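Here is the structure we will look at, set down as structure tokens.
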2 protein chains.
Amino acid sequence: MPRHDAESPAYSPKALEIIAHANELIASGGYNGFSYADIAERVAVRKASIHHHFPAKADLVKATVALHRDATRRGLDALDEAVPDAMARLEAYAGFWAQCIEASNPPICICALLAAELPSLPAEVADEVKAHFEALHAWVASVMEEGNSRGSLRLGGTPVAEATAFVASIHGAMLGARAVGDAALFGTIAHQALERFRPR
Amino acid sequence: MPRHDAESPAYSPKALEIIAHANELIASGGYNGFSYADIAERVAVRKASIHHHFPAKADLVKATVALHRDATRRGLDALDEAVPDAMARLEAYAGFWAQCIEASNPPICICALLAAELPSLPAEVADEVKAHFEALHAWVASVMEEGNSRGSLRLGGTPVAEATAFVASIHGAMLGARAVGDAALFGTIAHQALERFRPR
DNA sequence: CATAATCTACCTACCAATAGGTAGGTAATC
DNA sequence: GATTACCTACCTATTGGTAGGTAGATTATG
């Protein structure tokens, strides 16, 4: 899901390597928690060379988020195809994140993290983060609407309202697990969030 | 709730002023999103003078979080006294945050924000954030347990599990509202999170 | 009460390190 | 030859912090 395709046509292999490291560093300390120097030493080129691939920091972080969004979209598309049942699809989505967080790979959704810092982000990055939330809300809502109409899950409100609430639970669960230092807490909360949609 | 008492005995008036500004700056850009220079110009002293009050940045942020925790504890205690009904109490808690977020005062819980950045925080700050989450989980759980046993709210799981899920919803709602640039979204999600506890 | 000592809260000056970035150059590849 | 991807050298600005000093307020002492 957040796994990106190493064959993305828009970036060189080195640029993709830089993005991968930016991803990890953002996931740990947010936008201002890492510098080009950090990336440079991980990628084994000089700091100034990073500018060749990404002229400014905002370019790098925007690209990182955009690639994360691409990967998310492809992952959600794949879920739509592979898992016909709406409830099982949401479970698979939550399960995917539970595995990631348990393995710290990645340890958090970078868009959720950047959302927290949104007011101080460059506008082009903030726009990507906002778009990610909107796309995720829309996907969850469409899954819920489908599931509700087919009886595989049961909504207590509108699909849109329930979807935004579910996404909030997922992201809040990431914060909670991180705060108390218990990765399994994410899975517990996510499972609980899903139970409310279980048909009786 | 996050309003602190201006008569706190441990800090000078100037130190409290510094903390208040640190609070705002953290709420906007997190731990690394502000500097002593930012505080200095807001408080109208030289940057070096801030070190007199807080020798290192970690000291300042730790104190800021600690004061926020004190204020939260007092606010929750006051709620316990003023609102006998458990369901109404949770509603008051959520409503308080809804007002804050609508007024951007404060625009987000700094502990939720710092939780996102936890891996890169100084340990003494991370400990305060963790303790905040644990205390909040405990308070919500106790309110839920009381409400459940009195019939004023209904739990689908254990008080501890439901409390952590509720806190996740609240914090996730903060992220969602911030991400999409719609402060009212917090209140919508929070209200929905509460509805699941409404007795039938 | 007057004076000295101490405390508090600021200042200037300075430091090393870092941050994001520019400019010009080289070598390898196509 | 043009492009790509690196390099060195350098820049300004900023960051968190140290060190020494001053002035006013407060406390202790005779």
Side-chain angles (χ1 to χ4, degrees), chain A residues 6-26 28-65 114 117 119-126 128, chain B residues 6-26 28-65 114 117 119-126 128:
Chain A
E7 290 161 26
S8 172
Y11 301 107
S12 67
K14 180 67 75 172
L16 289 174
E17 192 186 344
I18 289 167
I19 286 172
H21 286 286
N23 223 317
E24 287 175 21
L25 292 167
I26 291 166
S28 175
Y31 186 90
N32 292 298
F34 83 101
S35 70
Y36 267 28
D38 297 320
I39 304 273
E41 87 190 14
R42 283 163 164 251
V43 184
V45 296
R46 289 292 186 264
K47 176 164 72 88
S49 302
I50 310 281
H51 290 282
H52 170 79
H53 300 274
F54 300 99
K57 188 172 180 178
D59 299 319
L60 171 56
V61 178
K62 178 183 177 179
T64 304
V65 176
L114 291 171
E117 304 178 338
S120 66
L121 294 183
E124 68 246 55
V125 178
E128 287 284 336
Chain B
E7 291 161 24
S8 173
Y11 300 108
S12 68
K14 179 67 74 169
L16 290 175
E17 192 184 346
I18 290 167
I19 286 171
H21 287 286
N23 224 317
E24 288 175 24
L25 292 167
I26 291 165
S28 175
Y31 187 90
N32 292 301
F34 82 103
S35 69
Y36 267 27
D38 298 319
I39 303 273
E41 84 191 14
R42 285 164 163 249
V43 184
V45 296
R46 288 292 185 265
K47 178 163 69 83
S49 302
I50 310 283
H51 290 281
H52 168 79
H53 299 275
F54 299 100
K57 189 172 181 178
D59 299 319
L60 171 57
V61 178
K62 179 182 175 180
T64 305
V65 177
L114 292 171
E117 303 177 339
S120 65
L121 294 182
E124 70 243 56
V125 178
E128 289 282 337

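Proteins get letters first, then strands, A, B, ... in listed order; numbering begins at 1 in each. These numbers come from a predicted model, not from an experiment.
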_Nearest atoms (heavy-atom pairs only) where A22(A) meets T64(A)_ = CB-OG1, 3.6 Å
*Is the phosphate of dA23(C), meaning OP1 or OP2, less than 4.0 Å from a side-chain N or O of H51(A)?*
no
*Distance in angstrom units between I39(B) CD1 and dC10(C) P, rounded*: 14 Å
_Distance, rounded to the nearest Å, where Y36(B) contributes OH and dT18(C) contributes C1'_ = 18 Å
*Within the pair H52(A) and dA5(D), is there a side-chain N or O less than 4.0 Å away from OP1 or OP2?*
yes
*asked:* Is there a side-chain contact between S49(B) and the phosphate of dC11(C), meaning an N or O under 4.0 Å from OP1 or OP2?
replied: yes
*asked:* Judged by each residue's nearest nucleotide on DNA chain C, which is more toward the 5′ side, A48(A) or D38(A)?
replied: D38(A)
_Shortest non-hydrogen contact between E117(B) and G29(B), atoms and distance_ = OE2-O, 4.0 Å
*Take atom CD1 of I50(A) and atom C1' of dT22(C), then tell me their distance rounded to the nearest Å.*
16 Å
*Starting at OG of S120(A), measure out to CD1 of I26(B) and round the result to the nearest 0.5 Å.*
12.0 Å
*Mind checking F34(A) for me? I need base, sugar-phosphate or nothing, with any heavy atom below 4.0 Å counting as a touch.*
sugar-phosphate
_For a quick check, tell me whether the side chain of K47(B) and the base of dG16(D) share a donor-acceptor pair closer than 3.5 Å._
yes
*Return the value, rounded to whole Å, for the distance between atom NZ of K14(A) and atom P of dT29(C).*
15 Å
*Below 4.0 angstrom from OP1 or OP2 of dG17(D), is there any side-chain N or O of K57(B)?*
no
_Under 4.0 Å from OP1 or OP2 of dC10(C): is there any side-chain N or O of H53(B) that close?_
yes
*asked:* Below the 4.0 Å mark, does dT15(D) have OP1 or OP2 next to a side-chain nitrogen or oxygen of S35(B)?
replied: yes
*Measure the distance from CZ on R46(A) to C1' on dT4(D) and round it to the nearest whole Å.*
19 Å
*Does some side-chain heavy atom of D59(B) sit less than 4.5 Å from a side-chain heavy atom of E124(B)?*
yes
*Among the nucleotides dA5(D), dG17(D), dC10(C), which one has an atom lying closest to any side-chain atom of V45(B)?*
dC10(C)
_Cation-pi, Y31(A) ring and K57(A) (6.0 angstrom, 45 degrees)_ = yes
*Between atom OH in Y11(A) and atom C1' in dA5(D), what is the gap in whole Å?*
18 Å
